[in-house]
Structure formats: C-alpha cells, structure tokens
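The structure appears right after this line, and notes come after that.
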Amino acid sequence: MDAGWLDIFINKTFQENRMLTNIFFRRDAVFIFIVSVILFTLGLHHQEIIGFESRFYLFALEMWRSGIQWFPTTYHQPYPDYPVTSTLLIYLSAKLFGGLDKFAAVFPTSVAAALTLSATYCIGALQSRRHGWYGVGFLLFTLAFVSQARTISLDMYVTAVTSWLFYFIFSAKQQVKKTPWVVIILLLVAGFAVRGPIGLIIPVAVANVFYLLEKDWKTWVYFNILSVCVLLICVAVLSVVAYHVGGVAFMQDVFRMQVAGRMAVNRTPPFYFYFAESIGACAITYPLAIAVVVGLISRLFKKNASPEIKFLRVLIGWVLIIMLGLSIPADKKIRYILPAMPA
C-alpha cells in the first residue's frame, strides 16, 4: 500500500516538474522572440535603403503603388527570379505600419530572424535550458546573422524554416512522439513560397542528414516521399502561375533563373569559398565551431557515443550539407548559408 502511494507521488511530482519545465520553455522562447524583434528593428526608421536591399524595396514600392501581383515587378514588368511572397510580406508590413520605409521593409526579415533565435533556443533546450541560452547567445554574436537580420533578406526566411523543421523532427525523436507531418508540410511549402525550389531543398537536405545519422530508415523514406510530392506540387503551381502571368517565355525564364541559372558550371568564386570566407563573415561562431570539432574529433566517430556527442554529430552534418551543397552552384554569397548558422 505504501509503495503504491509512493509511486503515485513520484509520478505526480514528475508530471508537475515536466509541466513547470514546459512553462519555462515556452516563456523563454516567447521572451527571446519579442526582445529579438525589438533589437533587430531598433533605429531602422532613420536609415536609408542601400545596396542589394534596394531591389526588394523597389518590388515593394511598385506593389504599394499598383496593388498585389502574382510576381514582383520592376517598372511594371514581372521579375522571374523571386516568388512574390517576400514582397507581399513587406507590402502587408507597410500597410500595418502606415507607410513604406526601411523599418516596414525590414520588419518581416527581423521577425524571421527572431523566429530563428527562438527555434535555436528550443533545439538547445531539448538538452537543457543552459544549452538553449548558449545557442541564442552565440547566434547573436554571429556577424553575418545579425547583419542580415537588419536588412531585407530572403535567406533569413529559409533559415527560420530550416531551424523549426529541425526542431520538430528532432523533438519528435527525442521525446518519442509522432512526427508532426502536417507542420512539416506547411514549413516546406513556406520555404518554397518565399525562396523558390532552394527554399525547400535546404531544409529537406538538413532533415535527410538527421534521419541518416539517426539510422531512422523508415521515417527517412516517408520524409523523402513527402518532400518530393510537396516539391512537385509547388513547382506545378509555380509553373501555372508563371504561365498565367507571361506565357511560355516567362515560365521558361522563371525556371532558368530560379533553378538552372543557379547551377551554372562557372567556378568563380572557388568551391571552398564558404569554408574560407566564413572565418571572418561568420565570426565569432564559425571559428569557435572549427575549434570544437578539432578538439572532439576523436570522440565523434565512436560507436557508443554519448547523447551530447550524437547531438554534435547532427549539428555538424547540418552545417556541412548546406556548405557543401551550396558550394556546387556558381553563384556564392555568404547570406546563402544563413540556414547553417543556427547549427
């Protein structure tokens, strides 16, 4: 009888502790999100649109003047290189804040960056709250991430999608619960909607590495069948919309600029561009990550590795699949590997 009451007390205490942990977990994530949005948008009202972001500001300005279109436009002509989603988000932001300026233009990117920070915390907090806070801290000290969080950046949306996709598949594995397939589908569609095919392929590649390293072959097969179906449907919808906007010629332009054009055989910059340039552009995190990997290299390949080492393997795989994969296309810019930075 006493043993039965003891079991009930232990189970009740465990459940209460778990509920308390979940409350702290959610509170921390929301707090990180709110503070990050403020941090990333502070002072933007008084800044000018310069450089690469001026292209997207022009897209938004034309939508502001002419209304919502199926594709972003320049001088009233549809532009095939990007989906309209990011322009639409800036347009809605401008409607929300009563005008189009740099603050309104950057706000959607800053929200995506804040979501990325929250996802980074959640991934680390699956190990411990301390891991989660360390992850957030190091990401905030990553130069390229912070600079892109305060400008118009399509790659930041892909970073948020990749981070949350990893969190959902990793937490399902850690907590031995069903994989949230509906959420995964929505995230993949969101990645494609904002960045085109590459916005879906990057998170899919990261998830593939995770399932392969975990040797979860059954889920790996399900996930890839699902991903291919989502990709085909999204490509079909994009093709129909492009054909509706500009006929066969425009549809071919969309395919050429969003897919084929990114896979040109030109090798400038060189293949190792990301591995070399990231030392400065992604300081301080990238140099420290190299030091950690070198210091633990002998433990990374042990069969009976600890959960922490297994977690580190997955993070290394996440980084490498993005950096190696994006080293193949001719066009290389540091902002393209933003989705690797949370890892």
Side-chain angles (χ1 to χ4, degrees), residues 28-69 72-74 79 81-121 135-164 190-191 193-195 199 278 280-285 333-342:
D28 290 347
V30 172
F31 174 79
I32 289 167
F33 173 78
I34 294 173
V35 173
S36 300
V37 171
I38 296 171
L39 175 66
F40 295 145
T41 56
L42 194 65
L44 291 179
H45 277 298
H46 308 292
Q47 294 185 11
E48 296 181 354
I49 299 290
I50 57 173
F52 180 71
E53 62 188 4
S54 59
R55 175 187 300 182
F56 301 102
Y57 187 80
L58 176 61
F59 294 158
L61 190 61
E62 292 214 359
M63 183 176 287
W64 181 260
R65 292 170 176 171
S66 305
I68 298 173
Q69 306 290 332
T73 60
T74 54
Y79 193 81
D81 199 13
Y82 305 102
V84 76
T85 313
S86 62
T87 305
L88 181 60
L89 290 174
I90 296 173
Y91 172 80
L92 295 175
S93 174
K95 286 287 187 180
L96 176 65
F97 294 111
L100 185 58
D101 59 6
K102 184 161 184 175
F103 175 86
V106 173
F107 183 76
T109 298
S110 297
V111 169
L115 287 171
T116 301
L117 277 171
S118 294
T120 303
Y121 169 80
V136 170
F138 276 110
L139 191 52
L140 283 173
F141 278 95
T142 304
L143 179 61
F145 177 82
V146 175
S147 64
Q148 288 297 303
R150 290 179 57 82
T151 186
I152 303 172
S153 174
L154 271 62
D155 300 284
M156 190 61 77
Y157 300 116
V158 184
T159 305
V161 168
T162 303
S163 303
W164 280 107
V194 176
R195 196 69 173 88
S278 295
C282 301
I284 61 171
T285 305
K333 294 179 176 63
I334 287 295
R335 63 176 180 270
Y336 293 170
I337 62 166
L338 270 176
M341 293 179 192

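Positions are given from 1, in the same order as the sequence printed here.
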| task | Answer yes or no: is there a donor N or O on one side and an acceptor on the other, between the side chain of T109 and the main chain of S153, under 3.5 Å? | result | yes
| said: Does L61 form a side chain to side chain contact (heavy atoms under 4.5 Å, CB included) with L100? I'd like the steps, not just the answer. | reply: CA-CA 7 Å; L61 190 61; L100 185 58; 3.9 Å; yes
| T41 and L44, any side-chain heavy atoms less than 4.5 Å apart | yes
| said: Is it true that, when you exclude F97 itself, more than 12 heavy atoms of the residues, nucleotides or ligands shown sit nearer than 6.0 Å to its CZ? | reply: yes
| Sole residue of E53, H45, E48 in side-chain hydrogen bond (donor to acceptor under 3.5 Å, both in side chains) with K102 | E53
| field | S110 (side chain) donor-acceptor with A149 (main chain) under 3.5 angstrom | value | yes
| query | Is the backbone N or O of A144 less than 3.5 Å from a side-chain atom of S147, with the two atoms forming a donor-acceptor pair by type? | reply | yes
| field | Min side-chain heavy-atom separation W64-I90 under 4.5 Å | value | no
| message | Students often mix this up, so state it plainly: with edges at 30° and 60°, are the rings of F56 and F59 parallel, tilted or perpendicular? | response | perpendicular
| message | Quick one about Y82 and R195 (side-chain donor to acceptor, distance below 3.5 Å, no hydrogens or angles considered), yes or no? | response | no
| note | Taking every heavy atom of I334 against every heavy atom of C282, the minimum-distance pair comes out as CG2-SG, 4.4 Å
| Can you find a heavy atom in the side chain of L117 that is under 4.5 Å from one in the side chain of F33? | no
| With side chains defined as the heavy atoms from C-beta onward, is the minimum distance between M63 and V84 less than 4.5 Å? | yes
| task | Answer yes or no: is there a side-chain heavy-atom contact under 4.5 Å between L88 and L92? | result | yes
| remark: To the nearest 0.5 Å, atom CD1 of I49 lies from atom CG of D101 at 8.0 Å
| said: Can you give me the closest heavy-atom contact between V158 and P339, atom names plus distance? | reply: CG1-CG, 3.9 Å
| said: Quick one, Q47 with F103, criterion side chain to side chain contact (heavy atoms under 4.5 Å, CB included). Give me CA distance, side-chain angles, the key distance, then yes/no. | reply: CA-CA 8 Å; Q47 294 185 11; F103 175 86; over 6 Å; no
| query | Any idea which heavy atoms bring G280 and L143 closest together, and the distance? | reply | O-CD2, 4.0 Å
| message | Closer than 3.5 angstrom, by distance alone: can the side chain of T142 be matched with the main-chain N or O of T285 as a donor-acceptor pair? | response | no
| field | 4.5 Å side-chain heavy-atom contact, T73 and Y79 | value | no
| query | Within the side chain of S93, is there an N or O that forms a donor-acceptor pair under 3.5 Å with the backbone of A104? | reply | yes
| request: Specify the closest pair of heavy atoms between V136 and I32, including all atoms of both residues, with the distance to one decimal. | output: CG2-CD1, 3.8 Å
| Between W164 and T116, is a side chain to side chain contact (heavy atoms under 4.5 Å, CB included) present by the stated rule, with each step listed? | CA-CA 7 Å; W164 280 107; T116 301; over 6 Å; no
| For D155, does its backbone N or O pair with a side-chain atom of T159 as donor and acceptor, under 3.5 Å? | yes
| remark: Looking only at heavy atoms, the pair that brings Y57 and A105 closest together is CD1-CB, 4.1 Å
| message | Do Y157 and P108 make a side-chain contact, defined as non-hydrogen atoms from C-beta onward lying under 4.5 Å apart? | response | yes
| field | Contact summary for S86 and L154, nearest pair of heavy atoms | value | OG-CD1, 3.7 Å
| query | Is there side-chain contact between P83 and V194, with heavy atoms separated by less than 4.5 Å? | reply | no
| remark: salt bridge (charged side-chain N to carboxylate O under 4.0 Å, His left out) filter on E62, not counting sequence neighbours, yields none
